[in-house]
Amino acid sequence: MKEIRVRFAPSPTGPLHIGGVRTALYNYLFAKKNNGKFLLRIEDTDQNRYVPGAEEYIIEALKWCGIEYDEGVGIGGPHEPYRQSERKHLYFEYAEQLINEGKAYYAFDTPEELDAMRDRLSAKGVATPQYDYLSRYEMKNSLVLSPDEVKNRIEKGEHYVIRVLIPEDQEILVNDLIRGEVRVHTSRLDDKVLFKSDGMPTYHLANIVDDHLMEITHVIRGEEWLPSAPLHVLLYKYFGWQAPEFAHLPLLLKPDGNGKLSKRDGDRLGFPVFPLRWVDPVSKEISSGYRESGYLPDAFVNMLALLGWNPGTEQEVFSMDELIEAFSIERVGKHGSKFDPEKAKWFNHHYLSALSNVEAAHLLQNQVAGKGINTELSYLINIVSLVKERATLIPDLWEQSAFFFIEPSVYDDKLKNKVWRPESVDMLNQIVKFLNDQHDFSAENLEHSLKDFIAQNGLNMGLVMNTLRLALVGSAFGPGIAGIISVLGKEKAVERIKRLIQASI
RNA sequence: GGUCCGUUCGUCUAACGGUUAGGACGCCAGGUUUUCAUCCUGGUAAUAGGGGUUCGAUUCCCCUACGGACUACCA
């Protein structure tokens, strides 16, 4: 059986947004599931839209997501180069071949002439004014110009493009793995430019040529390409190549209202639409990323995988290996999905809670180090065992545990008003004595002995606990008191209690 | 406007023509936690509308409505 080969082929025109990441992910899952190859090709045939740093961004984003490619930019492979600008020299001959076979032609029309043609056609009531079988014979191209004149113009250095000659009356069948058979009549298609006057191929030509040369078996791409799929099928036919299988993925939609998810939605609705933070090289505008916002890549990938695909079972949590195992293109939905930031958070919370204490401690260590605090990992492990399931995003690990590192300097008024009594000082002194007498500082022991102590001394449990919380945390917040004391240790706990006593006298 | 694609709870979605239309997120309620959060239990909520085909349509067909993509010498 032929090896399955798929590719992700983004344009470096800016940061990859989550829809692009999902396309890459599905390609990757499909390749791995079928023991095939996944390649990364950079489609940079539009020099005007090239954005510095975008290519690096794409590569880094895929890496962060754990989407590894077998061939492509940066790592090479048997079909080098994988950047279309570096393959520039090989496209012209294919366009020329089509011309020689009467399947394409030279066109010399200026932008003004093209506009004039469209105006003329729409004035005549033509529903789709375009360069096609209706209009091509009134334009300046090698279909109407004499061979000599064409030759002349080219030799004079006049700018020209190469357009595909679309047959007038033919039905094209696109077999889509997700949508089934899609039929389009060629009279609806226009003579798309294959080769631009700047010497670069357009997407349509470069894409087909490269997919053929790179032996791509399945083209899995966004739905925005569906309308041009018939052209691509025709091109394969023109070249006499076997067309790959197509699968057009439904789009990711805005969480609110309608329309395709765009980069503006992130700022507007307050969630990232990019995997990584991006700073626009020109405007310096900053777009937030999932990584920097504190999402775990596994959670991000899991969330994305389920946006438009489902395994047909009720399983929702998948590791990358499980995704590979369960993935099938047939189970990708047909309709667009509104992106739900809340579900993304839920996934992250789930993954954060499932982390081992050591893993979570390392995450907290980065946070803590960022605050200029240096701590033993063992201390962080203890802390994190208490707070990790309370966190949704990575920075929450710090938010939830800051009081362990910074002793309270102000006390929450509301809590203090609620629990503070004239006899509180005396009570706290008793607790200090109690703690000083303890040898086993495990949370379990503290829990029991503290309760016993409270009962034996006729104290009010709620009052004691909350007053201790006031001393230890400073507010009505955080894990259980016994756990906090256990992690803090005798010395620090006693110190904080004494501090509250001091502050209250 | 034209072409193409789509339409099940608010959202993501399940359901070889026969199910009390299932799950998850969110939301609401109760419980656990003498804080807050987590967690547990329960609840709320959907087949866009109209015609067919069929003993029987979420499921097949048609129409309408609505939504989306595309309509560049951009990808």
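Please read these numbers as outputs of a predicted model, since none were measured by experiment. Chain A is the first sequence line, chain B the second, and so forth, proteins listed ahead of strands; every chain is numbered from 1.
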Nearest listed nucleotide, side chain of A:A127, among B:C70, B:C74, B:G2: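 Of all the options, the side chain of A:A127 is nearest to B:G2.
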Can you tell me the pairing partner of [N] across any strand shown, Watson-Crick or G-U wobble, with both distances under 3.5 angstrom?
{"N": "B:U41", "value": "B:A29"}
{"N": "B:C9", "value": "none"}
{"N": "B:U71", "value": "B:G1"}
{"N": "B:C55", "value": "B:G18"}
{"N": "B:A48", "value": "B:U64"}

Between [X] and [N], does any side-chain N or O lie under 4.0 Å from OP1 or OP2?
{"X": "A:K254", "N": "B:G68", "answer": "no"}
{"X": "A:N310", "N": "B:A14", "answer": "yes"}
{"X": "A:T45", "N": "B:A75", "answer": "yes"}
{"X": "A:R331", "N": "B:A15", "answer": "yes"}
{"X": "A:R188", "N": "B:G2", "answer": "no"}

Measure [atom1]/[X] against [atom2]/[N] and give the value in whole Å, please.
{"X": "A:D190", "N": "B:C74", "atom1": "CG", "atom2": "P", "value": "13 Å"}
{"X": "A:F347", "N": "B:U38", "atom1": "CZ", "atom2": "P", "value": "18 Å"}
{"X": "A:Q400", "N": "B:U35", "atom1": "CD", "atom2": "P", "value": "16 Å"}
{"X": "A:R41", "N": "B:A75", "atom1": "CZ", "atom2": "C1'", "value": "12 Å"}

Specify the residue among A:P10 and A:R183 whose closest nucleotide of RNA chain B lies further upstream toward the 5′ end. A:R183
Just checking A:R221: base, sugar-phosphate only, or nothing, at a heavy-atom cut-off of under 4.0 Å? nothing
Within the 4.0 Å heavy-atom criterion, would you say A:V161 contacts the bases, only the backbone, or no part of the nucleic acid? base
Nearest atoms (heavy-atom pairs only) where A:A391 meets A:D396: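 That would be CB-CB, 3.5 Å.
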Identify the heavy atoms of A:S319 and A:Y351 that sit nearest to each other, and give their distance.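 Minimum heavy-atom separation between A:S319 and A:Y351: N-OH, 4.3 Å.
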Have [X] and [Y] got a donor and an acceptor in their side chains that come within less than 3.5 Å?
{"X": "A:D169", "Y": "A:H185", "value": "yes"}
{"X": "A:R7", "Y": "A:N27", "value": "no"}
{"X": "A:D44", "Y": "A:S85", "value": "yes"}
{"X": "A:Y91", "Y": "A:D210", "value": "yes"}

Considering only atom C1', compute the distance from B:U8 to B:G67 and round it to an integer number of Å.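 Comparing C1' positions in B:U8 and B:G67 gives a spacing of 15 Å.
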Between A:F327 and A:Y26, does the ring centre distance come in under 6.0 Å? yes
Protein and nucleotides 6-12 of chain B: nitrogen or oxygen contacts under 3.5 angstrom:
unit_1: B:C12; atom_1: OP1; unit_2: A:K338; atom_2: N; d: 2.7
unit_1: B:C12; atom_1: O3'; unit_2: A:S337; atom_2: OG; d: 3.4
unit_1: B:C12; atom_1: O2'; unit_2: A:L306; atom_2: O; d: 3.2

Side-chain-base donor-acceptor pair under 3.5 Å for A:R390 and B:U38: no
Check whether NZ of the Lys or CZ of the Arg A:R163 lies under 6.0 Å from the centre of the six-membered ring of A:Y131 and within 45 degrees of that ring's axis. yes
List, with names and distances, any nitrogen or oxygen atoms from the protein found under 3.5 Å away from nitrogen or oxygen atoms belonging to nucleotides 17-19 of chain B.
none

